[in-house]
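Inspection log for the structure reproduced underneath, given as C-alpha cells.
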There are 2 protein chains.
Amino acid sequence: MPPTEVTLKDIARAVGKSVATVSKALRGHEDISPETRAFIAQTAAEMGYTPNITARRLQKKRTDAIGLILPVQSARQADPFFTELLTGIANEVARHNFDLLVSARTPGEDEQAAYRRLAAERRVDGLIVAQPRRNDWRIEFLTANNIPFVVVAHQPVPPHPAVWVNTEAGILQAVIHLVEENRRQIALIAPPADLLFHQTIIRAFGNAIAAQPELSGGIISDLTDMSQKEGYRAAQHLLAETPPDAILACHDLVAMGAMKAAQDQGFEIGDDIAIVGFGDILLAEYSQPPLTTIHRPTDVLGRSACRLLLANINAIEATPSPTQIDPWLVVRQSSNLEFWV
Amino acid sequence: MPPTEVTLKDIARAVGKSVATVSKALRGHEDISPETRAFIAQTAAEMGYTPNITARRLQKKRTDAIGLILPVQSARQADPFFTELLTGIANEVARHNFDLLVSARTPGEDEQAAYRRLAAERRVDGLIVAQPRRNDWRIEFLTANNIPFVVVAHQPVPPHPAVWVNTEAGILQAVIHLVEENRRQIALIAPPADLLFHQTIIRAFGNAIAAQPELSGGIISDLTDMSQKEGYRAAQHLLAETPPDAILACHDLVAMGAMKAAQDQGFEIGDDIAIVGFGDILLAEYSQPPLTTIHRPTDVLGRSACRLLLANINAIEATPSPTQIDPWLVVRQSSNLEFWV
DNA sequence: ATTATAAACTTAAACGTTTAAGGTGTCAAA
DNA sequence: TTTGACACCTTAAACGTTTAAGTTTATAAT
C-alpha cells in the first residue's frame, strides 16, 4: 500500500499529461489515442491506482449502492427468510458492481431513523422493502420522498414496483395435496394481522378451501410474529380443543413450533396430523419429521427484486424479468401417510 | 422532497451568510454567534436540509462505514451463525452512526474481488473477517494493504486484533456433561481442515478427553463444510461401524444432520446415543429432540468485534471491552437421560 | 492615541473525480 | 493558399463539504 493514496493527479504527473486526459484514458474515451491510453493504463497499474469512489460518487451524484433494512425482533432473531433474501440480493448486487448497505432494526421508531438515514441522506440510490405491512409507512415515506424502491411481497402491491411469490398457487397446491392425503379439516395459522401477507394467505386459503367441497377450514390469526414460539403457542391452543387433521402454517418456523406442540401433546405427525409449512427454509428438510412445505424461491425473489430496482434507477437497462415467482410444494414426511405404512 | 437537493449554498443564500458560516453553524463551532447559529439551524430545518454524506466523506477521507463479507456456499446457503453475527454487528454499527456494507461471496477468486472492492477502493474504513482460515489470504491481504480489520474467531489470532469465543471452556463443559451422563466413547465431528477452528476444537477436545481418564475419543475430520448434509454423512459413517455413545459436533447444523442420520439408522437419540452441538442456533431448541449445545453468544461476538474495529479506526475511543467471550452449555434432550426415564 | 485581544465572520483551497467546451496541430480537399 | 475536418489533448468548472488562514469591527488595555 502506497504511503498515500495514488490519485489521477499523480498519474498525470508521471505520464506528463493532464488529469483530464488520464481520467478519460482510464475510462476508455474515444478522443485519447490508443498509445496514450495503453501507456496510461499501464502506468496506473504500476502505480497501484484505484479510483476513489467517493469522489466519483460526488461527481456522478449516484452512490451505486442500494439498501436493505432487516426487521428484527431481537438481537438474536434471524428469520432465515431474510437471510436467504439477503444472499440473493447480495449476489445480484455484486454482479452489477453495486454495494449493498444493510441495517438491522426492530420495527418502530428506530426503523424510521434507519430509513431516513439511508434514503434521505442519500447513502443509497434505492431500497428494497421486504414484508410489506398494512398502511406501510415505509412505502409512504419512500414514495413521498421520491426514493426508488421495490417491494418483496406475496402479491402485487399496486401501484408500487414489486416482486412477489404467487401465494394463491402455492396454497392451492398444498390444500390439494392434503385432500389427496385424505385430510378433511385444515387449520391455517395465519401471519400477524399487520402484514399484507395476512390478507393474502387468508384469501388464498379461503379460495382453496371453497374449491374443495368436502373440506372445512379454520383460521388462527393472533400471531404476534412468525416464530417457532408463536407456532408452538398457536398449535397448542388449536390441538387442545377439537384438533384438525391438518395444519397449514404461514412460515416454516411456525410449522416447526407447531410440530413440537403436537409432539408434546402426543400426536404422531404425518399420521394423526399433517403439518405443512411455508418457505422451505434449509432446516425444513432436517426437522423431525422432515417438513412438507411450500418452497418459496427466496433467493430468486431477492435477485429479481434487485434487478427491478436497478432497472428503475437506470443502473441497468430494463430486462423483462418476471415479477411473479411461482412456489412449489415439497412433500416430506410431516404430511405424507406413505411414510407410515 | 425538494425538486433538487438543498445544499449549504442554498442555505447560505437564504440567510445571507457565507457557506463556511453555515457549515460551521450547523456543526456547532464556537466562532459563530449563538443567534446566527440558531437562525441557521432553523432555516436549515425549514428548508429540509440533509447533509450530503458523499461530499462529507470526500472531504474527511473517511467513509464511516465498515464491511462484512459473508462466505456462502450457494445462493441458498445461509449459515445461521453468520446471520446472527450480522445482526449483532448491524446493531452495534447503527449505534455509532456507521454504515454496514455486506457482500456475499463463495470463498475463492470471487471473494478476493469483493475484498479488493471494499478495502482497496476504500468503500469502507475497516472490515470484519469471520471464520478465519489457515494461512488466510484475507488477513494477509488486509495486513499488507494496511486496512484495519478485526477477526471473529474461536481463539486468539496473534498478532491480529480479534474477538473470540472460549472454545476450550465450552468443549470442556460439554465433555464433563457427557461424562456425567455416563458416556464413555465420544466422537468429535470436526470442522473442515482449512479453518482455524479445526485445530482449536481438536486441541480443546483432546485436552478435555485427557482430563477424564475413563474416556476414549475419536475424531472425524473430513467435512467439506459445516452443513446438515455433511453432518449426516459423517454420522452415517461413524455409526455404521462401532458406534460411539456420544457425538460432539462442531456446529449445530452438523449436529442436526447427525441426529437425522442416527434416527434413520434406528438410534434413539439421548438414549442410545447423545448428541451435542456447537452454537445454539435458534432452531436448536426446536429440533426433535431438542439439541444439547454449546451456546455461543454470537450477537455479543458481533458487537464486540464491531466495537473493537471502531476503536481501531479511531471512530470511538477504545473501551476495555472483553475480547474473549465465554460460551455455556445448554442441556436439552439430545444428551440427557432424564428425559428418558 | 495606539495597540492588543477577541468575536464573528469570509476567503480560498482542498478532497478526487468527470466532462463540456476549447485549443492546437496535421492533413486532405478545394 | 485557404478551409475544413479530424485527432488528440488541455482548461476550467463542477459535485457539496470542511477548515486553515485571513479580515473586519468592536472593545479593552496601555
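Proteins get letters first, then strands, A, B, ... in listed order; numbering begins at 1 in each.
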Between [N] ([atom2]) and [X] ([atom1]): distance, integer Å:
X      : N      : atom1 : atom2 : result
A/R27  : C/dT17 : CZ    : C1'   : 9 Å
B/R62  : D/dT18 : CZ    : P     : 14 Å
A/H29  : D/dC9  : NE2   : C1'   : 14 Å
B/L8   : D/dG16 : CG    : P     : 10 Å
A/R123 : D/dG16 : CZ    : P     : 17 Å
B/R122 : C/dG16 : CZ    : P     : 12 Å
A/K9   : D/dT10 : NZ    : C1'   : 16 Å
B/K60  : C/dC15 : NZ    : C1'   : 12 Å

When you measure from the side-chain N and O atoms of [X] to the phosphate of [N], is any distance below 4.0 Å, counting only OP1 and OP2?
X     : N      : value
B/K61 : C/dG16 : yes
B/R57 : C/dC15 : no
B/S23 : D/dT17 : no
B/R56 : D/dG16 : no

Minimum heavy-atom distance between B/R303 and B/G88, given as atom pair plus value: CG-O, 3.8 Å
Shortest non-hydrogen contact from A/A153 toward A/V157: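 Shortest heavy-atom contact: CB-CG2, 3.7 Å.
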For residues 31-73 of chain A, which residue pairs qualify under ring-ring contact (aromatic ring centres under 6.0 Å, His included), counting only residues two or more places apart or in two chains? none
List in chain and number order the residues that pass side-chain hydrogen bond (donor to acceptor under 3.5 Å, both in side chains) with [X], two or more places apart in sequence or in another chain; answer none if no residue qualifies.
X      : result
A/H29  : none
A/E35  : A/S33
A/T63  : A/D125
B/D225 : B/S227

Return the angle between end axes of the helix from C/dA1-D/dT30 to C/dA30-D/dT1, with five pairs used per end and rounding to 10°. 70°
Salt bridge B/R105-B/E111, side-chain N to carboxylate O under 4.0 Å: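 So B/R105 does not pair with B/E111 through a salt bridge.
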Would you call B/R133 and B/E140 a salt bridge, using N to O less than 4.0 angstrom?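 No salt bridge links B/R133 with B/E140.
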In Å and rounded to the nearest 0.5 Å, what is the CZ to CZ distance from B/R62 to B/R122?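 Separation between the atoms: 12.5 Å.
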Qualifying residues under side-chain contact (heavy atoms from CB on, under 4.5 Å), relative to A/P161, sequence neighbours excluded: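 A/V150, A/L308, A/N312.
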Residue-level proximity of residues 38-45 of chain B to DNA chain D when a heavy atom falls under 4.0 Å: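 Heavy-atom contacts with DNA chain D come from no residue of residues 38-45 of chain B; none.
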Please output the side-chain donor-acceptor pairs of residues 112-119 of chain A that fall under 3.5 Å, not counting sequence neighbours, one pair per line with the distance.
residue	atom	partner	partner atom	Å
A/R117	NE	B/D99	OD1	3.1
A/R117	NH1	B/N97	OD1	2.5
A/R117	NH2	B/N97	O	3.0
A/R117	NH2	B/F98	O	3.1
A/R117	NH2	B/D99	OD1	2.9

Of all pairs that satisfy salt bridge (Lys or Arg N to Asp or Glu O under 4.0 Å), the ones with a partner from residues 11-30 of chain A, not counting sequence neighbours: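 For residues 11-30 of chain A, and leaving out neighbouring residues, the salt bridge (Lys or Arg N to Asp or Glu O under 4.0 Å) pairs sorted by first residue read A/D10-A/R13, A/K24-A/D31.
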Taking side chain as C-beta onward, heavy atoms only, is A/V129 less than 4.5 Å from A/V152?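 With C-beta onward as the side chain, the pair stays apart.
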With B for base contact, S for sugar-phosphate-only contact and - for none (protein heavy atoms under 4.0 Å), nucleotides 4-14 of chain C reads ----BBBB--B
Report each atom pair, protein N/O against N/O of nucleotides 23-26 of chain C, whose distance is under 3.5 angstrom.
none

